[in-house]
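Working notes, beginning with the structure itself.
Throughout, a chain's letter reflects where its sequence line sits, starting with A, and its residues are numbered from 1. Side-chain atoms are counted along with the backbone in the values below, which use heavy atoms only and exclude waters and symmetry mates.
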Amino acid sequence: MNLDSWEPKIVAFLCKWCSGAAAELAGVSRLLYSPNVIPIIVPCSGRVDPDLIVEAFMNGADGVIVAGCHTPSDCHYIAGNFKAFKRVYMLKKLLSDFGIEPERLKLEWVSAVESQKLKTLFDEFTFTIRKLGPLRVKIRGGSV
Amino acid sequence: MNKPNIVIVHGAICGGCDVALANSEEAISKILENIDLAYWSVAVDARLSDLKSLGKIDVAVFMGGVRTSEDEELAKWLREKSKILVAFGSCSAYGGIPGLAALTSPIELINLVKSTITTSSQYKSIIELPKLPELSTYRALPHVVNVDIVVPGCPPPIKVVNEFVNVLLKYIAGEEPIGPLVIAGSKAQCETCPRKPKDLSKLQIPSIKRIYEAKIEENRCFLEQGILCLGPVTREGCEHSCINVNMPCTGCFGPLPGFEDVGLRYIAGILALVAVEREKELMEQGLAKILDKLVDRLGVLYRYTLPRSRLYMLKLSLEGSEYAR
Amino acid sequence: MSLSSEEPRVGVFVCHCGLNIAGVVDVKKVVEEAKRLPHVVHAEDYIYMCSAPGQELIKKAILEKKLNAVVVAACTPTMHYETFARAIEAVGLNRYRLEMAVIREFSSWVHADKKKATEKAIKLVKAAVVKVADNSPLEPVKSRTVRKVLVIGGGIAGITVALDIANAGIPVILVEKTPTIGGKMAMLSETFPTLDCAQCILTPKMAEVARHPLIKIYTNSEVVDVSGFVGNFKVKILQRARYVKIGDCRLCGFCERVCPVKVPSEFNRGLSDRKAIYIPFPQAIPPAYVIDKANCRHWVDGCDKCLRVCPTKAIDFNDEDKLVEEEVGVIIVATGYDLYPAERLKEYGYGLYRDVIDSLQFERILSAGGPTKGLILRPSDRKPVKRVVFIQCVGSRDINHLEYCSKICCMYTAKHALIFKERVPGGEAYVFYIDIRAAGKGYEEFIKRVQEEFQVNYIRGRVNRVYRDPKTGDMVVVGFDTLTGQLLTVKADLVVLATGLVPQLPYELASKLKIPFDKYGFVQEAHPKLRPVETVTSGVFVCGVAHGPKDIAETVAQASAAAAKAMELLYSEYIVKEPLVAVVDRDLCSGCRVCVGICPYGALELVEGKAKVNELLCEGCGACVVACPSRAIELRNYSTKQLLEMVKAVVK
């Protein structure tokens, strides 16, 4: 892989009511951010299946963002964000067990008005992934 | 005498599957009656060279995981030669407990073995390991070759072994194999489990407890008592032999038909349900503390199935392995 | 049109939005790439897709190219999903076979690099095509509603709701646990800050409820079972036997006079006695006596003194408990409060000394119809009270008892002190407080008036002990004055504790209603700011102190709000819902029950051992879809398969 031309590929699962609305607001406000991040809108961050995150990595994503509503009470569906938290928390540990940097998966709470926060999230995460490099696996006792 | 023949071979084994097969008088007698037992190193005096000289093989039963380059070669050779290939036991079907070593590089494994040799210093330089076959990436049999029948269990219980032999006889008689056929139910353990939650209408998991921390109530669902039981993500068919003796299911019958990665299903469902009534009270910090009680993630979530997991496939694909699917 | 079995024929329509999109994204290239996608049989661009001519292009293409799915690459669904949905419906295509790729807000407006913005737009279109190809053509979920409301609780909250709804022409069933409606407000003497006589403003409302043709009252009754869901609840009401025929009772009171049994009166909170046959207070609704079976001697030794003197023979010892079934469309919880058991604060001596009483007991003493006919006499020896000490925050704001503030105690204590000073010339009143909470209209002025005009002594500090001096018989209150830094000992005739409020909703009823409650037992509202009277269970509302401590003005406001919400739901004959809900494949379900606990709406339940989704309660969040260990549940038009394909489409 030619590391000079490599661009991070990042998938962001945004919930319709909070982070997705923030993304729309960012658009309306013409906030410019990294084009490496592609959003997939879901009804709730609680809809994000760990399988989807792994699938993203399997197909070439270098980083994944899951953005939902603030705890404790912002979630439109009451407590989907808590489910997302527990799933991402455990998945990050499993990624680390399998030799993948857990920093490649990020969970963040973004409310519908926090368009600036979303822009910063996308830009900073792209930078983090750029530093980590393309998705590789560290085997215990050696690295690829 | 045109009796069909059967060979039983080993990959990385513990010997339990041989015992499981031998334990069933019904199975052994049916096999001996109807099939020519051409190779089984625990029962028949034969060498690998005798196996390789067989003209044709009707049924090949592979026990154990694919650990060394020898195992790999054998598996591929058998697939070519045999009509029916069986993955017998959880190691063969899903990777089994040795599968947990799949995340450690072969170099590190050898070093680990070498480090256990104790001797006085004057002999240290003379000690050499015998010539070992090369360790390759650890895999379950279905990831190396296509398999016709899967007999899960660590080891497979007698009932399942008997059912397997019945299926075998049908296939030998000419019935077309629709593979791979798994000799287990397609529903989760919960459907027929003798233990139930206190409130039959819902399941609540207030916390996570290590087995020694819980005062286990009989007849009550393990999960409700905080004990991580893999029943919901494991196929039934074992007649709950562990659950019936107060031990939570550890998942040896493998995942349900809808998925391959047991760990991802478990964190998506069971672990997401932990402390659900107290989420707003505990907040992320409190929930993380409870989830941290699961100390041995791989041992609990992937005890028998790690080499078949999606995360392992991801790892292999990133290494450029031809076995990533 | 059954479409999900047909081959998808997708049309992609890329909007320029003037220069908003086309200025950054190469729309022609997007159209080109779209044409190469699987299932896409038509792709074109236009300057303003949402305009009338733009919509005509879409309709024309659907008819000419026999499209059965449409992707519009433009702004967000929030802006124009409805516009395009109506356009495609006009030519017979189901609105759920439409997806929008947001290439304006998510690409052209937020990226400067034209090449990258175009690449991203193409990926967004790919994902939308992959999703729409698998969308089912759904119809909205419709359900008939029962035009009737159940109100649980007959206090001021329940009464207000019942009248609001019945006056709008909708029948109401009002269920009250005690033998009369009126609740705690009926026990009060005056209400703050206007000092209106509580009974004078309450009893007309009670009478209105009694004579309203659309309100059916069940007193001495409790709701014991609830099943069903919004619009179609089936409830079972246990109507306990009254042993007195309501229509025949003339309120003459002869029965009461001859009854040999005396027990402490609940209405007077133990300050006086009542008979086993009694009426809680003279203005009770329904206007009839009731027999307290547990204490009545009829079933012990056959006593029937009351029956013999009753002029209308209204007493019926053969009365039985009845289980009544009713069908309603909406349920409103107005179960109110009780006072925290003050005996748990041992330092104050409640229960030990008869002259340490709680605030409701003081209300009864102040009431003209109470145990002392409005004279302020202390319970132990009926000595007129010259000096009274009020202690605020008894149980409230205390980590050992109730962590929250009970909101009304500062105001009613001030009210108590004012009335005391009015009625007892030369009387002295002391109030031990931590803070004064007087946020309502006229409340701050009221407190000032009590402190300055009526010269009630306010001492900022906590009381650490209350005991009786055995020599003088006085109550002694020892407290700390934080503003002067001194320990104070106050001798008094009477000590009144402003005890905290606790909710009265029984746990079993809350579970049957499937409504959540917080750790104190108050009903949890759907959203603390914007949905204060709704619960997450569709069709069940809450008002009054059942929701949280509040005074009568707020209770009435909340009750009217709950009534409005109930009427909104029942306005038309049908409830119509978006069909984007979860569905269980029973053949795959193993009955593990994980989904039941994950659902925040209680929309999943086990039916014959397998999970089933109630489409009216499901809000489509998808938490159960992810959680199902057997992958037996899917979310309509947001299935796992669709999402997996979308992920592949954007990443590969």
Side-chain angles (χ1 to χ4, degrees), chain A residues 7 9-17 20-21 23-62 64 73-84 87 115 118-119 122, chain C residues 20 75-79 100 102-121 123-124 126-127 131 516 524-529 536 580 598-601 619-628 631 635 637-638 640 643-652:
Chain A
E7 276 294 323
K9 271 194 195 158
I10 297 168
V11 179
F13 292 97
L14 305 181
C15 74
K16 177 171 152 193
W17 301 92
E24 285 182 28
L25 182 58
V28 165
S29 318
R30 314 290 198 277
L31 298 179
L32 297 180
Y33 55 78
S34 154
N36 299 70
V37 180
I38 315 220
I40 293 182
I41 307 292
V42 288
C44 177
S45 55
R47 177 71 189 89
V48 180
D49 197 318
D51 273 283
L52 292 177
I53 300 172
V54 175
E55 194 68 20
F57 286 126
M58 274 291 242
N59 283 283
D62 302 294
V64 173
S73 305
D74 278 16
C75 179
H76 180 88
Y77 301 100
I78 319 302
N81 48 3
F82 283 105
K83 314 297 181 287
R87 289 165 182 153
S115 48
L118 192 76
K119 169 196 148 78
F122 285 175
Chain C
N20 281 305
C75 51
T76 72
T78 320
M79 290 228 60
M100 287 183 71
V102 184
I103 63 173
R104 191 180 71 169
E105 280 83 344
F106 292 167
S107 187
S108 70
W109 269 355
V110 290
H111 301 315
D113 184 326
K114 294 191 183 178
K115 185 157 161 279
K116 295 201 174 146
T118 307
E119 272 169 27
K120 184 162 162 184
K123 291 201 178 132
L124 290 170
K126 262 175 93 178
K131 179 171 195 281
Q524 185 75 48
E525 64 277 342
H527 189 277
K529 289 290 191 197
V536 288
L580 299 172
I598 285 265
C599 177
Y601 300 103
E619 292 289 323
C621 73
C624 59
V625 178
V626 179
C628 177
R631 284 222 182 278
L635 190 60
N637 291 2
Y638 252 112
T640 310
L643 281 168
L644 282 170
E645 291 302 310
M646 285 168 80
V647 167
K648 285 192 212 158
V650 304
V651 172
K652 274 201 171 132

If one checks every heavy atom of V11(A) against chain C at 4.5 Å, the contacting part turns out to be side chain
H111(C) side chain to Y33(A) backbone, donor-acceptor under 3.5 Å: yes
Where does L25(A) contact chain C at under 4.5 Å (heavy atoms): side chain, backbone, both or neither? neither
Derivation of the side-chain contact (heavy atoms from CB on, under 4.5 Å) call for V48(A) and V626(C): CA-CA 7 Å; V48(A) 180; V626(C) 179; over 6 Å; no
Going by heavy atoms in the side chains, are V42(A) and L643(C) under 4.5 Å from each other? yes
So does S34(A) get a backbone contact from the side chain of K116(C), meaning a donor-acceptor N/O pair under 3.5 Å? no
Is the closest side-chain heavy-atom distance between P39(A) and V102(C) below 4.5 Å? no
Relative to chain C, which segment of I40(A) carries a heavy atom at a distance below 4.5 Å: side chain, backbone, both, or neither? side chain
Please report the shortest heavy-atom distance between W109(C) and L32(A), naming the atom on each side. O-CD2, 4.1 Å
Distance (rounded to the nearest 0.5 Å) between E55(A) CD and M646(C) CE: 13.5 Å
Is the shortest heavy-atom distance from the side chain of D49(A) to the side chain of R631(C) under 4.5 Å? yes
So, taking the atom named NZ in K9(A) and the one named NZ in K123(C), what distance separates them when rounded to the nearest 0.5 Å? 5.5 Å
So does Y638(C) get a backbone contact from the side chain of R47(A), meaning a donor-acceptor N/O pair under 3.5 Å? yes
When rounded to the nearest 0.5 Å, the distance separating CZ of R30(A) from CG of N20(C) is 5.5 Å
Might you point out which heavy atoms bring P43(A) and G620(C) nearest each other, and give the distance in Å? CB-O, 3.6 Å
Taking all heavy atoms of V536(C) and all of I78(A), pick out the closest pair and write down the distance. CG1-CD1, 3.1 Å
